[in-house]
A.B. asks: 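Sharing a structure below in structure tokens format, with a few things to ask.
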Amino acid sequence: MFVYRANGRREPAGRCPGHPHQPHLRTLFAPAVAAAAPDPAKVPDYLAAVKPAGNPEHGDYQANFAMALAKAAGKKPPEVAKEIVAALPATADIEPPTVAGPGFINLKFTSAFLARAVRDLATDERLGLPLAAAPRTYVIDLSGPNVAKPLHVGHLRSTIIGDALVRILRALGHTVVGDNHLGDWGLQFGILIYGYKHFRDEAAFQADPVRELARLYVYINKQFKKADDDDEAPTDDPLKKACQEETAKLHAGDPENLALWKQFMPACLEMLRPIYERLDVKIDHALGESFYNPMLPGIVEDMQAKGIAFESKGAVVIPNAKGIVPRTEEEMKKEEPPAILRKRDGAFTYTTTDLATIRHRADTWQPDAMLYVVGAPQALHFKTLFAQASRWGYDRADYVHVQFGSMLGADRKPFGARKGGVVELMDLLDDAAKLGLEKYEASVADRRENGHKVYEATDAEKREIAEVVGVGAVKYADLSQSRTTDYVFDLDKMTATVGNTATYMQYAYARCRSIFREGDIDDARFRTAPPAVVLAEPAERALVLQLLRFPEAVEAAAADYLPHLVTGYLWDLAKATSVFYEKCHVLKAPTPELRDSRLLLVDLVGRTIRRALGLLGIRVVERM
RNA sequence: GCACCCAUAGCUCAACUGGAUAGAGCAUCGGUCUACGGAACCGAAGGUUGAAGGUUCGAAUCCUUCUGGGUGUACCA
């Protein structure tokens with residue numbers, strides 16, 4: 001991933017600012033490091049090397065700057081580490097640090113500090129999540145479906161990742177504008193119009209316009225495919241040409257085509273609405289391509305007037321990111337192509353629309369950053385677009401292509417939009433919900449068989465469980481994968497009840513709630529007047545450390561636009577909780593003090609899971 | 001041809017952005033406990049991080065070359 005800054009330089013994205021205890025440790029070290037460092041300018045870099053320990057045996061945190069510092073000072077790393085440790089101010093928050101290996105400084109919080117910190121966390125509705133000191137305004141481009149066909153699994157990633165980023169950035173106090181750049185004006189409507197005029201089944205269209213339009217779209221595209229297989233250049237395909245002509249007529253304002261477009265649009269939007277509802281995704285704006293259509297001639301004129309765009313081979317183009325328009329054969333082989341704003345036939349392209357969109361977003365919301373949650377194949381397009389938009393004068397905001405890998409079929413081949421066997425989103429959600437319910441019922445039967453008292457859910461509750469579990473499974477599967485790599489679509493894995501899945505987290509949440517129900521305990525007390533926390537077992541200590549790390553995970557996810565850092569955190573939290581349950585009885589704790597302390601931890605685990613899943617757009621149920 | 005992305009355990013994925021012995025989940029094998037919710041826990045086995053060089057105290061991570069896959073590449077979006 002890269003960020004285009006105002007100066008046009010390519011820079012890595014911002015680093016994680018660290019969780020609230022990291023600054024605390026850095027403050028502790030700052031004077032000693034400053035005294036030992038020959039170059040004061042490097043002190044912040046050294047302090048940045050105070051980070052969570054990679055291995056719990058080494059403590060809670062580790063300071064890794066002694067090696068670099070020793071080299072700069074011409075000393076031996078372990079000696080430098082020892083000197084710095086000796087120079088630390090006295091504190092009751094950490095145990096005496098130890099020096100190990102080539103000069104690592106290992107740090108461990110005292111139990112007293114952890115107990116105090118987690119008790120403070122209990123009264124904090126934000127669970128430690130900081131509000132940004134300097135809130136920024138983000139415009140996030142997400143989802144962007146082609147409205148002429150039903151959503152399929154390929155649209156999941158942009159929608160789900162984009163929605164999670166909206167929620168995460170908002171949670172940290174930023175202003176976020178979500179904008180769904182609908183594909184509602186391109187060739188797909190030429191295809192629909194041509195298909196409607198020549199191949200429609202009138203009865204089917206009357207009965208269900210949505211389905212008939214979808215059929216026509218697929219039908220025409222299959223005809224294109226044939227041309228490809230015959231090794232004909234797609235542009236020579238007469239059918240495609242005919243569709244392009246219908247598109248051009250629409251764009252030129254042809255009354256018949258415009259009327260058809262207006263007739264088709266509501267049906268197309270109706271096709272999308274229930275899916276967004278089911279996914280629990282609300283996008284602030286849906287300014288599609290058609291919205292920008294009237295602005296396109298002005299965009300091209302303006303860019304030509306400013307000397308950024310010009311004619312080449314009958315089209316109007318903007319140079320590639322390097323500022324070059326290749327003209328000779330040799331250049332065309334070596335250089336990236338320019339982007340076309342207006343084709344030879346006068347039609348505008350999506351590059352022009354994207355430029356109009358940038359101008360509109362910049363003028364309307366004055367964002368500090370514009371994020372495009374769009375698949376990796378469009379990297380070249382955005383590279384060119386961002387570079388030239390900056391030259392055009394829209395250089396205040398950072399442009400980020402938050403790209404993600406393709407969804408692959410079981411054969412590890414990308415899902416092609418035109419290929420058969422593409423799973424429609426609605427069917428996928430139905431299947432996932434059905435599987436979720438089956439597993440729930442199997443689990444209930446199993447528990448009953450083993451003599452447990454089992455709560456009998458009503459049919460309405462079962463439907464709710466199925467939906468929450470099913471949709472959650474699909475979302476979590478996508479979000480838990482680092483977004484840059486391709487990923488293999490696997491429904492069974494998504495709906496698994498073990499491992500790093502939504503179901504496992506939702507179940508962990510339900511377990512927390514169950515303990516309070518079982519003991520008939522009011523949880524409010526643990527949030528308003530929390531009892532003292534007693535850390536008797538290592539499992540409790542590990543759990544507390546994990547609870548305190550929630551802000552760190554969220555901030556890291558926001559810094560690099562990586563929601564999977566939140567799911568990774570959840571998985572660690574869930575594992576720590578499992579061990580805790582195993583080692584520490586809660587309701588049957590040896591003393592009332594310990595029971596209260598453990599109830600506080602259970603309540604915090606439940607709240608943290610709910611909050612973290614909420615940041616990913618995933619819901620929980622109280623019982624399952 | 002050129003450009004971008006990727007390659008980690010049998011499979012699916014991590015690795016806190018250069019840190020200590022590369023970790024999980026499936027699958028395989030073994031074990032624990034009448035179980036505050038067993039959708040559990042513990043353990044074993046599984047690796048020359050695609051290959052070869054280089055950078056340095058230290059590399060899955062950074063640089064070069066190569067191999068193998070994906071994607072894009074002047075009038076689709």
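Below, chain A is the first sequence line, B the second, and so on; all start at residue 1. Side chains are part of it too, since the values below use all heavy atoms of this structure and drop only hydrogens, waters and symmetry mates.
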A.B. asks: Contact class for A/K334 vs. all strands (heavy atom < 4.0 Å): base, sugar-phosphate, or nothing?
C.D. replies: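 Sugar-phosphate only.
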
A.B. asks: Does the ring of A/F104 lie flat against the base of B/A20, closer than 5.5 Å centre to centre with planes under 30°?
C.D. replies: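 So A/F104 counts as stacking on the base.
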
A.B. asks: Within a 6.0 Å radius of atom NZ on A/K583, are there more than 12 heavy atoms belonging to other residues, nucleotides or ligands?
C.D. replies: no

A.B. asks: More 5' along RNA chain B: A/V488 or A/C584, using each one's nearest nucleotide?
C.D. replies: A/V488

A.B. asks: For the residue pair A/R483 and A/F404, would you count it as a cation-pi contact if the rule is NZ or CZ under 6.0 angstrom from the ring centre and within 45 degrees of the ring axis?
C.D. replies: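 Judged by the rule, A/R483 and A/F404 form no cation-pi pair.
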
A.B. asks: Can you say whether a donor on the side chain of A/N106 sits under 3.5 Å from an acceptor on the base of B/A20, or the other way round?
C.D. replies: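 Yes, a donor-acceptor pair under 3.5 Å.
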
A.B. asks: Between B/C4 and B/U48, how far apart are the two C1' atoms, rounded to whole Å?
C.D. replies: 29 Å

A.B. asks: Would you say the side chain of A/T503 lies within less than 4.5 Å of the side chain of A/M624, judging by non-hydrogen atoms?
C.D. replies: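 The answer is yes; the side chains approach within 4.5 Å.
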
A.B. asks: Please name the nucleotide paired to B/A74 by Watson-Crick or G-U wobble geometry with both distances under 3.5 Å, or report none.
C.D. replies: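 Matched B/A74 with nothing under the 3.5 Å cut-off.
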
A.B. asks: Which part of the nucleic acid, if any, lies within reach of A/A376 when heavy atoms closer than 4.0 Å are counted: base, sugar-phosphate only, or nothing?
C.D. replies: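 Touches nothing.
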
A.B. asks: Toward the 5' end of RNA chain B, which comes first, A/A442 or A/K343, by nearest nucleotide?
C.D. replies: A/A442

A.B. asks: B/A7 base to A/T485 side chain: any donor-acceptor pair below 3.5 Å?
C.D. replies: no

A.B. asks: I'd like the C1' distance from B/A22 over to B/A40, given in whole Å.
C.D. replies: 27 Å

A.B. asks: Determine the contact category for A/A589: base if any of its heavy atoms lies under 4.0 Å from a base atom, sugar-phosphate if only primed atoms, P, OP1 or OP2 are that close, otherwise nothing.
C.D. replies: nothing

A.B. asks: Taking pairing as Watson-Crick or G-U wobble with both contacts under 3.5 Å, can you name the mate of B/C66, or confirm there isn't one?
C.D. replies: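 Across all strands, the one nucleotide that pairs with B/C66 is B/G50.
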
A.B. asks: From OH of A/Y61 over to P of B/A20, roughly how many Å is that when rounded to an integer?
C.D. replies: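 Rounded to whole Å, this separation is 17 Å.
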
A.B. asks: Once salt bridge (Lys or Arg N to Asp or Glu O under 4.0 Å) is applied, do any residues pair with A/D141, and if so which ones, sequence neighbours excluded?
C.D. replies: A/R361

A.B. asks: So that I can tick it off, tell me whether A/E336 and A/K322 are bridged by a salt bridge, with the cut-off set at under 4.0 angstrom between side-chain N and carboxylate O.
C.D. replies: no

A.B. asks: In whole Å, measure the gap between the P atoms of B/G30 and B/U71 for me.
C.D. replies: 43 Å

A.B. asks: Does the distance from a Lys or Arg side-chain N to an Asp or Glu carboxylate O, for A/R513 and A/D523, drop under 4.0 Å?
C.D. replies: yes

A.B. asks: Pick base, sugar-phosphate or nothing for A/P337, based on heavy-atom distances below 4.0 Å to the nucleic acid.
C.D. replies: sugar-phosphate

A.B. asks: Mind checking A/P326 for me? I need base, sugar-phosphate or nothing, with any heavy atom below 4.0 Å counting as a touch.
C.D. replies: base

A.B. asks: Kindly determine whether A/H155 and A/N146 satisfy side chain to side chain donor-acceptor pair (under 3.5 Å), including the steps that lead there.
C.D. replies: CA-CA 9 Å; A/H155 296 103; A/N146 176 342; over 6 Å; no

A.B. asks: Classify the side chain of A/E289 versus the base of B/A77 as yes if they form a donor-acceptor pair under 3.5 Å and no if they do not.
C.D. replies: no

A.B. asks: Quote, to the nearest angstrom, the C1' distance that separates B/G18 from B/C57.
C.D. replies: 12 Å

A.B. asks: Under 4.0 Å from OP1 or OP2 of B/G19: is there any side-chain N or O of A/K51 that close?
C.D. replies: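 For B/G19, OP1/OP2 do have a side-chain N/O of A/K51 under 4.0 Å.
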
A.B. asks: Would you indicate what A/Q62 reaches in the nucleic acid, counting non-hydrogen atoms under 4.0 angstrom: base, sugar-phosphate, or nothing?
C.D. replies: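 Contact class for A/Q62: base.
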
A.B. asks: Given 3.5 Å as the limit, does a donor-acceptor pair link the side chain of A/D184 with the main chain of A/S290, or not?
C.D. replies: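 Checked: pair present.
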
A.B. asks: Applying side-chain hydrogen bond (donor to acceptor under 3.5 Å, both in side chains), can you list everything that pairs with A/S443, at least two apart in sequence or on another chain?
C.D. replies: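 Partners of A/S443 under the side-chain hydrogen bond (donor to acceptor under 3.5 Å, both in side chains) test: A/R447.
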
A.B. asks: Could you give the CD1-to-P distance, from A/I340 to B/A74, as a whole number of Å?
C.D. replies: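 After rounding, the reported distance stands at 8 Å.
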
A.B. asks: With P as the reference atom in both, quote the distance from B/C5 to B/U65 in angstrom, rounded to an integer.
C.D. replies: 14 Å

A.B. asks: Remember a base hit wins even if backbone is also touched, and classify A/R513 as base, sugar-phosphate or nothing at under 4.0 Å, heavy atoms.
C.D. replies: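 A/R513: no heavy atom of the nucleic acid under 4.0 Å.
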
A.B. asks: Is there a Watson-Crick or G-U wobble partner for B/A24 with both distances under 3.5 Å, and if so, which one is it?
C.D. replies: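 Base-paired to B/U12.
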
A.B. asks: Would you indicate what A/N64 reaches in the nucleic acid, counting non-hydrogen atoms under 4.0 angstrom: base, sugar-phosphate, or nothing?
C.D. replies: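 Counting heavy atoms under 4.0 Å across all strands, the contact made by A/N64 includes a base.
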
A.B. asks: Which part of the nucleic acid, if any, lies within contact of A/Y487, taking any heavy atom under 4.0 Å across all strands shown: a base, the sugar-phosphate backbone alone, or nothing?
C.D. replies: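 Sugar-phosphate only.
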
A.B. asks: Give a yes/no on whether any side-chain N or O of A/H564 is located under 4.0 angstrom from OP1 or OP2 of B/A15.
C.D. replies: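 So the side-chain polar atoms of A/H564 do come within 4.0 Å of the phosphate oxygens OP1 or OP2 of B/A15, strictly under.
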
A.B. asks: Quick one: classify the glycosidic conformation of B/U17 as syn or anti, with syn meaning within 90° of 0.
C.D. replies: syn

A.B. asks: At under 4.0 Å between heavy atoms, what does A/T503 touch on the DNA or RNA strands: base, sugar-phosphate, or nothing?
C.D. replies: base

A.B. asks: Using whole Å, what does the distance between atom C1' of nucleotide B/U73 and atom CD1 of A/I324 come to?
C.D. replies: 15 Å

A.B. asks: For B/U56, give its Watson-Crick or G-U wobble partner with both distances under 3.5 Å, or none.
C.D. replies: none

A.B. asks: Identify whether any heavy atom of A/L562 sits under 4.0 Å from a base atom; if not, whether one sits that close to sugar-phosphate; answer base, sugar-phosphate or nothing.
C.D. replies: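 Base contact - A/L562 has a heavy atom under 4.0 Å of at least one base atom.
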
A.B. asks: Between B/G70 and B/C29, how many Å separate the two C1' atoms, rounded to a whole number?
C.D. replies: 37 Å

A.B. asks: Taking atom C1' in both B/C6 and B/U49, compute the distance separating them and give it to the nearest angstrom.
C.D. replies: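 Nearest-Å result for B/C6 against B/U49 at atom C1': 14 Å.
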
A.B. asks: It should be established whether A/T484 places a side-chain nitrogen or oxygen under 4.0 Å from OP1 or OP2 of nucleotide B/C5.
C.D. replies: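 Answer no for this pair, as no side-chain N or O of A/T484 is under 4.0 Å from OP1 or OP2.
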
A.B. asks: What contact category does A/A510 fall into here, base, sugar-phosphate, or nothing, at under 4.0 angstrom with non-hydrogen atoms?
C.D. replies: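 It contacts base atoms.
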
A.B. asks: Looking only at side-chain N and O atoms, does A/Q244 come under 4.0 Å of OP1 or OP2 in B/C76?
C.D. replies: yes

A.B. asks: I want to check one thing: is the phosphate of B/G37, taken as OP1 and OP2, less than 4.0 Å away from some side-chain N or O of A/S514?
C.D. replies: yes

A.B. asks: Pick base, sugar-phosphate or nothing for A/T501, based on heavy-atom distances below 4.0 Å to the nucleic acid.
C.D. replies: nothing

A.B. asks: Does the structure show a Watson-Crick or G-U wobble partner for B/G43, both distances under 3.5 Å? Name it, or say none.
C.D. replies: B/C29

A.B. asks: Just checking A/G183: base, sugar-phosphate only, or nothing, at a heavy-atom cut-off of under 4.0 Å?
C.D. replies: nothing

A.B. asks: Look at the side chain of A/Y507 and the base of B/G37, then say whether one donor and one acceptor between them are separated by less than 3.5 Å.
C.D. replies: yes

A.B. asks: Verify the contact: side-chain N or O of A/K493 to OP1 or OP2 of B/U12, cut-off strictly under 4.0 Å; return yes or no.
C.D. replies: no

A.B. asks: I'd like the P distance from B/A60 over to B/U21, given in whole Å.
C.D. replies: 10 Å

